[in-house]
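Presented below is the structure to which this report refers.
Below, chain A is the first sequence line, B the second, and so on; all start at residue 1.
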Amino acid sequence: MEVHGSEEALLDALVGAVRALDPDILVGYEVQQGSLGYLNDRATTLARPEPLLRQLSRTPTVSSMVERRNDEYGVLHASGIHVAGRIVLNLWRLLRSELKLRIYTFEACVAAVLQLRTPHIPAWVLSQWFQGGPGGGRWRCVQYIVRRARLSLAMMEQLDITGRTGEMARTFGIDFFSVLTRGSQYRVEAMMARLAHTQNYLLPAPSTEQTKNQPAMEAIPLVMEPESRLYVDPVVVLDFQSLYPSQIIAYNLCFSTCLGRPAHAAAAATPLRLGAQVFGLPKGSLSGAVAPDKLIVAPNGVAYAPPEARQGVLPRLLNEILATRIMVKAAMKRAPKTAKVLQRILNARQFSLKLIANVTYGYTAAGFSGRMPCAELADSIVQSGRETLENTIRMVEAHPEWRARVVYGDTDSLFVLLEGRSRNEAFRIGAEIAAAATAANPPPVTLKMEKVYHPCVLLTKKRYVGYMYETPKQAAPVFDAKGIETVRRDTCSAVAKMLERSLRILFSSKDVSQVKEYVERQWTKILSGRVSLADFVFAKEVRLGTYRAAHGLVPPAAQVASRAMATDPRAEPRYGERVPYVVVHGEPGARLVDMAVAPHALIESGGRLRLHAHYYIIKQIVPALERVFSLLGVDVRGWYAALPRPQRLLPQKRPAAALGLGGRGSAAGTIDAYYLSRHCAVCDGLTHAQRPICEECRGEPQGAAVVLSARAARLTEAQALLVRVCLQCGGGGGRRGTLEAGIVCDSLDCGVFFERKKATGEAAAARVLCDLALQDFE
DNA sequence: ATCTACACCTAC
DNA sequence: TCAGGTAGGTGTAGAT
């Protein structure tokens, strides 16, 4: 740590340090408004003689600058800050594509990547600490900031961002920065152009006008309408591996082999229109090269040269990509399962190969921005894939011994219901189907048995859920959901958790009354306010500046962000940032946007704002549950209507002294002071405010055990409870004994940080690290 | 009550 | 100065 007397001197020292270390890469968690961007803004304000970014660069003559681009792509992909000669990485943006999270705050990313809880301390508190002068406060502030910088690096390290980006650069044959900032077309072209050049092909460059005027695409993939219901018999899920790439290879589909519609070729008087191009082929130029009966005619009526006559560039390219992917997958099998990091890296590598294989189709169909799309070629790929799937469905249903029915299929997958059969039989028949379909198609078209659902629910197209078995030997099923609220990030986690739990109860017990019991218990908790706010936070992506002005209405998240900006312009959300909000009670007839507020606004309102429990239940939870359980003839809405309304408890006014908020160094330093609850920590019933366990439970074994262990360890009852139950969600739900690292259980992302005193090695009192955490917590 | 535009996010 | 594709479900709010 260096100490400097002025901001000027500080910036000079930064420049000196960067020049001395001469790094290739500069990383900030958020480099536009914080980090480098903030420093640059300060430097500009101070009107230094030379721009800071140029001083930090390696080549002062080349421009270094802040990129101000208002188009969607630029804002989304570029780091926004350019320092010539160095790569500037905007970590949160990288993590956004790397991880699938509900929200991408620094703390949430650290938790997801490093399995670490970190406190969030707002800037104004840090500022207060720092201005407190030498001593604890200032040191705490510096320590906090240094720790965050280290954690950013630790995340880079853990995810091997530089290593993997470098690998991809080598795979695609493009430079490091382009891997992160440029699109898929660039990757496809880098690979395709190299291969094309070895065969003396050049890539056509149609104008945007020509591209726009190419014929419209006609083929669409098959998406079956599923029979919506609960399936208690096994359902085998099979899918074609890399369907589109394998169609390209199997039928030699390529720009370089496409001959258009044979009818056109015959009538050579009219020039051949193909994709964005118009060719003037001399009459008879085809007949000498390929016998008409050897032509491959795709199901959309477009002809292709057979591989013997001319092997296509795309087929060759994809062959190599798929072969490499198989090698990587083999390497994953060889590597020890315990080498988690290696496994993840290899997995990411094979996944990126799969991705580039799939976007190769996208390249041929890129209508909006494509540099050389070809509608006929794209149609051929889709239609061949569709026929392959349709033929397979027919074959499966026609087989007399399988007695199978295809109940759903999407593009490259089929769901096969095997009525009255056991799971083991399902696996056997599934393997037979896979083998038969693979044999019935030209290589490398491969049908693979993915999994067996037992049981499952098919809701609609692209929405289903089931207990999944991947091998016949697997004892415990895995909950697997597609498209429904449990996997979507535009619902709050209360919806996701309740739906998942309800489905698990249904699948395990097949007893709807147990589901009802669970759901009613949760509703009661919600209505009486005994819930964690964290489970009721929505977080949706916000793209300010793209909303239709004519519509006159912006989404709630955007509204919340705009309100925050009114008081602090630096609170402007980055393009595509997920902005959290909660729904509170409003005026009668208020629109949703008017009832959406930032979570901290609710926390800090001191009871003025109230969580809109009714909205959450009626508009979010009930519809989600209803979609599933109405299939069983259950009236979820009726459950709620019949539910006795619990009396809502007003937020407790706690004496400031007990909360330790009377001032710094207040005597009430133990954590139990913060958890005075009206509810018994064991049974959740009402209790005396000063007693964490109600009188009845003190007589029950569990409650008595707490009392006894508390006495043995010389703790208060509340302290003893810390190690048994999560204090935030009250129950502990199977997490008992796993609370070593924190007082709050892992299932909740409350962002509160507690430091445990380890001195005595026992369940000692925890001390709140910062006063602020309390507000977040409440 | 039903339809539509818009926004978001997912499956493939 | 660059930007793969389509299908599809659901919530919100205003219009019919």
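- For Arg86(A), the side chain to side chain contact (heavy atoms under 4.5 Å, CB included) partners at least two apart in sequence or on another chain are Val18(A), Asp22(A), Pro23(A), Leu26(A), Arg58(A), Val83(A).
- One P atom belongs to dG4(C), the other to dC12(B), and the distance between them is 23 Å to the nearest Å.
- Residue Pro555(A) places its side chain closer to dA7(B) than to any other of dC9(B), dT12(C), dA7(B).
- Glu485(A) approaches Ala624(A) most closely through the heavy-atom pair CD-CB, 3.9 Å.
- Nucleotides of DNA chain C nearest to Leu592(A) and Arg627(A) differ in position, and the one nearer the 5' end is that of Arg627(A).
- Note: CE (Met595(A)) to C1' (dG11(C)) measures 13 Å, nearest angstrom.
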* To do: Could you go through the side chain to side chain contact (heavy atoms under 4.5 Å, CB included) check for Val452(A) and Val235(A) one step at a time?
  => CA-CA 6 Å; Val452(A) 172; Val235(A) 172; over 6 Å; no

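- Looking at heavy-atom distances under 4.0 Å, Arg371(A) makes contact with sugar-phosphate atoms alone, never a base.
- The stretch residues 209-228 of chain A comes close to DNA chain C through Ile220(A), Val223(A), each having a heavy atom under 4.0 Å from the strand.
- Within residues 377-397 of chain A, no residue has a heavy atom under 4.0 Å from DNA chain C.
- Taking only side-chain nitrogens and oxygens, Tyr408(A) never comes nearer than 4.0 Å to OP1 or OP2 of dC12(B).
- For Tyr464(A) and dC12(B), the shortest distance from a side-chain N or O to OP1 or OP2 is below 4.0 Å.
- A salt bridge links Asp535(A) with Lys497(A); the closest basic N to acidic carboxylate O contact falls under 4.0 Å.
- Residue contacts shown for Lys354(A) are absent, as no nucleic acid heavy atom lies under 4.0 Å away.
- Whole-Å rounding puts the Gln559(A) CD to dA13(C) P distance at 11 Å.
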Please report, to 0.1 Å, the donor-acceptor pairs under 3.5 Å made by any side chain of residues 170-180 of chain A, with sequence neighbours excluded.
{"unit_1": "Arg170(A)", "atom_1": "NH2", "unit_2": "Glu167(A)", "atom_2": "OE2", "d": "3.3"}
{"unit_1": "Thr171(A)", "atom_1": "OG1", "unit_2": "Glu167(A)", "atom_2": "O", "d": "2.8"}
{"unit_1": "Asp175(A)", "atom_1": "OD1", "unit_2": "Ser178(A)", "atom_2": "OG", "d": "2.5"}
{"unit_1": "Asp175(A)", "atom_1": "OD2", "unit_2": "Phe177(A)", "atom_2": "N", "d": "3.3"}
{"unit_1": "Asp175(A)", "atom_1": "OD2", "unit_2": "Ser178(A)", "atom_2": "N", "d": "3.2"}
{"unit_1": "Asp175(A)", "atom_1": "OD2", "unit_2": "Ser178(A)", "atom_2": "OG", "d": "3.3"}

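- From one end of the helix from dA1(B)-dT16(C) to dC12(B)-dG5(C) to the other, with five pairs defining each end axis, the axis direction shifts by 30° (rounded to 10°).
- Closest contact between the side chain of Lys540(A) and the listed nucleotides dG11(C), dC8(B), dT10(B) involves dC8(B).
- What separates CG of Leu625(A) from P of dG11(C) is a distance of 12 Å, to the nearest Å.
- For dA11(B), the OP1/OP2 oxygens have no side-chain nitrogen or oxygen of Lys462(A) closer than 4.0 Å.
- If you check every strand for non-hydrogen atoms under 4.0 Å, Thr411(A) touches sugar and phosphate atoms only.
- Rounded to an integer number of Å, the gap from Tyr575(A) OH to dA7(B) C1' is 12 Å.
- Looking at heavy-atom distances under 4.0 Å, Val188(A) makes no contact with the nucleic acid at all.
- Heavy atoms of Pro623(A) sit under 4.0 angstrom from primed sugar atoms or phosphate atoms, though from no base atom.
- With sequence neighbours excluded, the residues that form a side chain to side chain contact (heavy atoms under 4.5 Å, CB included) with Pro226(A) are Tyr408(A), Leu458(A), Lys461(A).
- Applying the side chain to side chain donor-acceptor pair (under 3.5 Å) definition to pairs two or more places apart or across chains, those involving residues 353-367 of chain A are Glu189(A)-Tyr363(A).
- Under the ring-ring contact (aromatic ring centres under 6.0 Å, His included) criterion, Phe507(A) pairs with Tyr467(A), not counting sequence neighbours.
- Contact annotation for Glu541(A): backbone-only contact, meaning every heavy-atom pair under 4.0 Å involves sugar-phosphate atoms and none involves a base.
- The CG atom of Leu243(A) sits 14 Å away from the C1' atom of dG5(C) (whole-angstrom rounding).
- Side-chain proximity of Ser369(A) to the nucleotides dC12(B), dG4(C), dC9(B) is greatest for dG4(C).
- Phe538(A) comes within contact range of no nucleotide atom at all, as no heavy-atom separation falls under 4.0 Å.
- Set against dA11(B), dC9(B), dT12(C), the side chain of Arg543(A) has dC9(B) as its closest nucleotide.
- Residues Phe415(A) and Tyr231(A) place their aromatic rings such that the two centres sit no closer than 6.0 Å.
- Every side chain to side chain contact (heavy atoms under 4.5 Å, CB included) that Ile618(A) has, sequence neighbours left out, goes to His614(A), Arg637(A), Tyr640(A).
- Applying the salt bridge (Lys or Arg N to Asp or Glu O under 4.0 Å) test to Lys619(A) and every residue at least two apart in sequence or in another chain returns nothing.
- Partners of Tyr616(A) by ring-ring contact (aromatic ring centres under 6.0 Å, His included), not counting sequence neighbours, listed by chain and number: Phe536(A), Phe538(A).
- Phe629(A) does not carry Arg627(A) over the face of its six-membered ring by the limits of under 6.0 Å from the centre and within 45° of the normal.
- Residue contacts for Arg591(A): at a heavy-atom cut-off of 4.0 Å it reaches the sugar-phosphate backbone alone, with no base atom in range.
- For Arg182(A), taking side-chain heavy atoms from C-beta onward, the closest of the listed nucleotides dG8(C), dT12(C), dC2(C) is dC2(C).
- The separation between Arg488(A) atom CZ and dC9(B) atom P is 8 Å, rounded to whole Å.
- As rounded to whole Å, 11 Å separates atom C1' of dA11(B) from atom CZ of Arg463(A).
- Contact annotation: side chain of Arg489(A) to base of dC9(B), donor-acceptor pair absent below 3.5 Å.
- Remark: Val487(A) pairs with Ala481(A) by the side chain to side chain contact (heavy atoms under 4.5 Å, CB included) rule, at least two apart or across chains.
- For the pair Met372(A) CE and dG5(C) P, the computed distance is 15 Å after rounding to whole Å.
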